[in-house]
Each structure stands twice: as structure tokens, then as C-alpha cells.
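So the structure is just underneath, and the comments pick up after that.
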There are 2 protein chains.
Amino acid sequence: MPEAELSTEEKILKAAEEVFMRDGYDGSRMQDIADVAGINKALLHYYFRSKDKLFEKIFDAKIQVFFPRLEQAFYQDLPFMEKVEFFIEQYIGLLRNNPYLPLFVLNTINKRDNSDFIKKVPAELSQRLIMSYNADFQQGKLRAINPLQFVISVMGMCIFPFLGRPVLQNMFKADSNAFDKLMEQRIEELKVYIRLILTP
Amino acid sequence: MPEAELSTEEKILKAAEEVFMRDGYDGSRMQDIADVAGINKALLHYYFRSKDKLFEKIFDAKIQVFFPRLEQAFYQDLPFMEKVEFFIEQYIGLLRNNPYLPLFVLNTINKRDNSDFIKKVPAELSQRLIMSYNADFQQGKLRAINPLQFVISVMGMCIFPFLGRPVLQNMFKADSNAFDKLMEQRIEELKVYIRLILTP
DNA sequence: GTCTATATAAGGATAGAC
DNA sequence: GTCTATCCTTATATAGAC
């Protein structure tokens with residue numbers, strides 16, 4: 001869709017997303033958002049009453065992406081291991097297209113005053129995974145581990161390289177392409193790890 | 001050491017550490033730091049010329065903690081697997097005492113303009129680990145994996161729960177004590193994982 | 001709906017007295 | 001070294017014309 005066809009409200013939301021994701025709430029300026037949107041500051045306040053309100057709109061959308069529901073795989077009757085493999089594949093793919101997402105979300109939910117934001121996290125995902133583990137474990141198909149710790153571990157393995165990206169690229173003299181390639185390879189590597197951990 | 005015995009410079013550094021770690025660079029106010037230190041703003045600028053300079057002092061100290069050198073284990077002639085186990089133990093212990101550290105460091109190194117900060121990361125740690133892996137692998141003591149991906153994974157597994165802490169606590173109705181207990185248990189859990197991955 | 005101009009406040013930094 | 005007072009710039013937000 002060409003930019004000219006976007007409504008003013010859409011242009012603002014698009015610009016706000018870009019600026020907030022890149023600079024965080026504290027680092028963002030309403031003027032920057034107006035510039036990116038190609039309008040002036042006053043219009044921002046006309047559409048969204050305040051910086052807080054505008055930010056909330058963006059966050060509400062992004063939290064749903066960062067903690068995905070993944071209905072496709074998790075509501076199907078797949079073995080636990082395949083669900084995890086599917087998650088790794090989808091999630092690293094997602095982050096490759098949304099490099100700023102993790103830091104943005106983690107910053108927001110860690111803000112002391114903004115504890116409301118935490119409540120917006122879709123909570124069922126990990127609960128369902130744990131139930132799925134227990135079902136397969138009781139059939140002897142999985143090794144005895146702590147499913148909560150395991151779920152945290154899988155998320156950490158997927159997300160962390162995107163958080164430490166500048167360091168990794170500097171350490172191994174990699175450009176953006178090399179990093180992306182590394183993340184593509186990472187999918188298969190992590191699948192090997194989780195199979196080794198879960199197979200009895 | 002009682003607070004009264006601290007020099008003004010020490011009081012400022014202590015207060016700056018607290019505020020910067022908690023609120024980040026953009027979210028911190030010189031006034032807040034002065035208040036915590038029990039002095040006034042002007043004195044901050046007398047001791048450290050600017051907010052930037054003061055921040056740099058704090059960051060320089062913290063980056064050394066977040067990317068530790070761990071000479072104790074890694075310069076000794078231990079098997080790779082034991083080095084990793086030692087790392088997990090030490091590092092989770094460190095983070096349990098420094099909950100804000102990961103987000104603080106990751107935010108700073110991800111700032112576009114502040115790419116100077118990246119250069120301050122001690123880079124040898126992962127390089128040494130990879131060399132150590134290769135040595136043991138050639139003796140047939142380890143499974144064939146990608147050592148770089150493995151090192152990223154171990155760091156991610158250790159660090160991520162501290163980043164997602166508010167969500168985890170909310171999701172599982174855990175207070176600070178329960179979370180800390182979970183992290184203590186996590187040490188042994190992760191050791192199991194890495195043994196399963198690395199053992200041929 | 002969109003703009004210019006401006007109110008109001010906050011934040012970093014400095015001057016100058018003690 | 002430490003304080004009060006203040007300068008200067010920047011930010012959010014609003015008023016009012018078109």
C-alpha cells in the first residue's frame with residue numbers, strides 16, 4: 001500500500017511504532033513521531049490525547065506479537081516435542097523480522113510504575129505447553145525435566161541473540177547478513193538441543 | 001560501611017548506579033540522583049561534568065560485571081563441560097544479586113548512537129570457550145555441535161528469566177522469594193541440559 | 001482536520017556567594 | 001566543596017485561526 005493512501009491516523013500509528021520501537025518510551029519525542037509521519041505535533045494530540053495514550057496503543061499491538069498465541073500448533077494434537085520445534089521455527093523467524101521487538105517489550109514490562117502492562121501478556125501459552133509436556137511425559141515419551149524451566153530456556157535461547165546482537169556482530173566481525181544467516185542456522189541447532197534434552 | 005563515612009564522590013557514584021540501573025539513561029534525572037545522594041544538582045556537575053560522563057563511569061563498571069572474565073575457571077585447565085557448569089553456577093548467582101543488570105547493559109549497547117559502548121565488552125570470554133570446546137571435541141569427549149551457538153544458548157538460558165521476571169512472577173503468582181528459589185533450582189536444571197547436549 | 005503560535009513545565013548545565 | 005539562584009533548551013500539551 002503506497003504511503004499516500006494511508007489515513008492520517010494510520011500514518012501516525014506507523015510512525016509511532018517505528019520511533020517507540022527504536023528509541024523506547026523515554027527516548028522517544030513526539031516531534032520525531034510527527035516528523036516521521038510527515039505531520040505536525042499538534043495533530044498527534046488531536047488524534048491521541050497524550051504520549052502515554054499513543055504509546056499504549058503501540059504496546060498493546062506488540063505484546064500480542066512478542067507473546068504469540070500460536071493457535072496453529074498448540075491447539076492441535078501434536079506431540080510436545082513437535083510443538084516446541086514448531087515454536088522455535090516460527091519464533092526465530094518472527095524475531096528476524098522484528099529485531100527491536102524483544103528489547104521494547106522487556107523494557108516496558110520492567111518499568112516499575114507501568115505494572116499494568118504486565119497484565120496484558122497472554123498467559124496461557126506457557127501453561128498449555130506445560131500441560132502438553134505432562135501428557136507426553138506420563139506416556140513415557142519424554143525425559144523427566146522441569147517443564148517450566150524448560151519453557152523459559154527455549155524462549156531464552158531464541159530471544160537472547162537478538163538482544164545481544166550488537167555485541168555478537170562486533171565480536172565476530174559479522175554484518176547484518178551474516179547475523180541473519182546465523183539465526184537461520186540457529187533454528188536447526190536449537191532443534192537438536194531440545195531433542196537431546198527431551199528424548200529419554 | 002556506614003553512609004556517613006562515604007565521600008561525596010562515592011555517594012554520587014552510589015546514587016547514580018542505583019538510578020541509572022533502575023531507570024536507564026533516558027529515564028534518569030540528575031535531580032533524582034542528587035536526591036538519592038542527599039546533595040544538590042550543582043554538585044553533580046562539579047564532580048562529573050555532565051550526565052553523559054557520569055553515566056559512562058557507571059557503565060564502565062557494570063559492563064565488566066555483566067561480561068565477566070571469570071579467570072578463575074577459564075584460565076585453568078578444566079574440561080569444557082566443567083567450565084560451562086562453573087559459568088552457569090557463577091552467573092546465575094551474580095544475576096540473583098544484580099536483577100537490573102541485564103536490561104541496563106543490553107539497553108546501552110543497543111543504542112544506535114552509542115556504539116562506542118560495544119567496544120568496551122570484554123571479547124575474549126566466548127573466544128576462549130570456543131577454543132576450549134574444540135580441544136575437548138578433538139579428543140572425542142564432546143558431541144559435534146556449533147560452539148558459538150552453544151555459548152549464546154547458555155548465556156540466553158541464564159539471563160532471560162531475569163529479563164522476563166515481571167511476567168514470570170505474574171504468570172505463576174510468585175513473589176520475589178519464590179522467583180529467587182526458582183533461579184536457585186535453575187542452576188542444577190541447566191547443568192542437566194548442557195550435559196545432555198554435550199555428552200556424545 | 002490541519003496548521004502556527006504559544007503556554008507551561010522540566011531537565012541539563014552554569015554563575016556566583018559562602 | 002557546597003549551596004542557591006538562574007540561564008537555556010527542549011518537551012508535552014493546548015489555543016485558536018483557517
Side-chain angles (χ1 to χ4, degrees), chain A residues 1-60 62 104 107-108 111-114 116-117, chain B residues 1-60 62 104 107-108 111-114 116-117:
Chain A
M1 179 154 46
E3 193 158 332
E5 289 184 24
L6 291 177
S7 70
T8 302
E9 187 172 344
E10 288 167 330
K11 278 194 284 188
I12 292 174
L13 285 171
K14 196 163 172 286
E17 177 183 322
E18 177 184 329
V19 174
F20 278 137
M21 293 274 286
R22 193 186 57 210
D23 298 337
Y25 179 82
D26 291 327
S28 294
R29 300 290 162 251
M30 293 296 264
Q31 185 63 61
D32 291 346
I33 297 174
D35 291 348
V36 171
I39 53 157
N40 61 30
K41 272 190 301 181
L43 212 46
L44 289 183
H45 288 91
Y46 175 78
Y47 277 91
F48 307 87
R49 284 176 48 81
S50 66
K51 183 182 178 182
D52 276 44
K53 291 252 194 328
L54 180 53
F55 182 80
E56 209 177 333
K57 272 270 190 306
I58 303 298
F59 179 79
D60 286 355
K62 289 298 166 184
F104 172 79
N107 266 320
T108 307
K111 273 228 161 177
R112 291 133 306 293
D113 41 338
N114 296 358
D116 313 348
F117 285 130
Chain B
M1 179 151 48
E3 192 158 333
E5 288 183 23
L6 291 176
S7 71
T8 301
E9 187 171 344
E10 287 167 331
K11 277 194 285 187
I12 293 174
L13 285 171
K14 195 162 171 286
E17 176 184 322
E18 177 183 328
V19 174
F20 279 137
M21 293 273 286
R22 193 186 56 208
D23 298 337
Y25 180 83
D26 291 327
S28 294
R29 301 290 163 249
M30 293 296 266
Q31 185 62 60
D32 291 346
I33 296 174
D35 291 347
V36 171
I39 53 159
N40 61 28
K41 269 194 302 181
L43 212 45
L44 289 182
H45 289 91
Y46 174 78
Y47 277 91
F48 307 87
R49 285 178 47 83
S50 67
K51 185 182 178 183
D52 276 45
K53 291 252 194 331
L54 179 54
F55 182 81
E56 210 177 332
K57 271 270 190 305
I58 304 298
F59 179 79
D60 286 357
K62 289 298 165 186
F104 172 78
N107 266 320
T108 308
K111 275 227 160 178
R112 292 134 304 293
D113 40 339
N114 296 356
D116 313 349
F117 286 130

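Here is the naming used below: chain letters follow the sequence lines, and residue numbers restart at 1 for every chain.
Ring geometry for A:Phe55 against A:Phe20 counts as perpendicular: the plane angle is over 60°, on a 0 to 90° scale with 30° as the lower cut.
Taking the 5' to 3' direction, DNA chain D first and last meets chain B under 4.0 angstrom from a heavy atom at D:dG1 to D:dT4.
Within the 4.5 Å cutoff, the side chain of B:Glu56 has no heavy atoms near those of the B:Phe48 side chain. Considering only heavy atoms from C-beta on, B:Lys62 comes within 4.5 Å of B:Glu17 through its side chain.
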Below 3.5 Å, can you tabulate the donor-acceptor pairs from side chains in residues 28-37 of chain A to any protein atom, sequence neighbours excluded?
{"from": "A:Ser28", "atom 1": "OG", "to": "A:Val19", "atom 2": "O", "distance (Å)": "3.3"}
{"from": "A:Ser28", "atom 1": "OG", "to": "A:Gly24", "atom 2": "O", "distance (Å)": "2.5"}
{"from": "A:Arg29", "atom 1": "NH1", "to": "A:Asp26", "atom 2": "O", "distance (Å)": "3.2"}
{"from": "A:Arg29", "atom 1": "NH2", "to": "A:Asp26", "atom 2": "O", "distance (Å)": "3.4"}
{"from": "A:Gln31", "atom 1": "NE2", "to": "A:Asp35", "atom 2": "OD1", "distance (Å)": "3.0"}

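For B:Ile12 and C:dA13, the CD1 to C1' distance is 15 Å, given to the nearest whole Å. Straight-line distance from the CD1 atom of B:Ile39 to the C1' atom of C:dA13: 14 Å, rounded to whole Å. Residue A:Met30 contributes atom CE, which lies 19 Å from atom P of C:dT8 at whole-angstrom precision.
Salt bridge absent: A:Glu10 and A:Lys14 never bring a charged side-chain N and a carboxylate O closer than 4.0 Å.
Taken residue by residue, residues 42-56 of chain A places heavy atoms nearer than 4.0 Å to DNA chain C at A:Ala42, A:Leu43, A:Tyr46, A:Tyr47.
Note that CE of B:Met21 and CZ of B:Phe59 are 11.0 Å apart. Values are rounded to the nearest 0.5 Å.
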- Would B:Tyr25 and B:Asn107 satisfy side-chain hydrogen bond (donor to acceptor under 3.5 Å, both in side chains), going step by step from the backbone distance to the final call? CA-CA 9 Å; B:Tyr25 180 83; B:Asn107 266 320; over 6 Å; no
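Closest of all the heavy-atom pairs between B:Arg49 and B:His45 is O-CD2, 3.2 Å.
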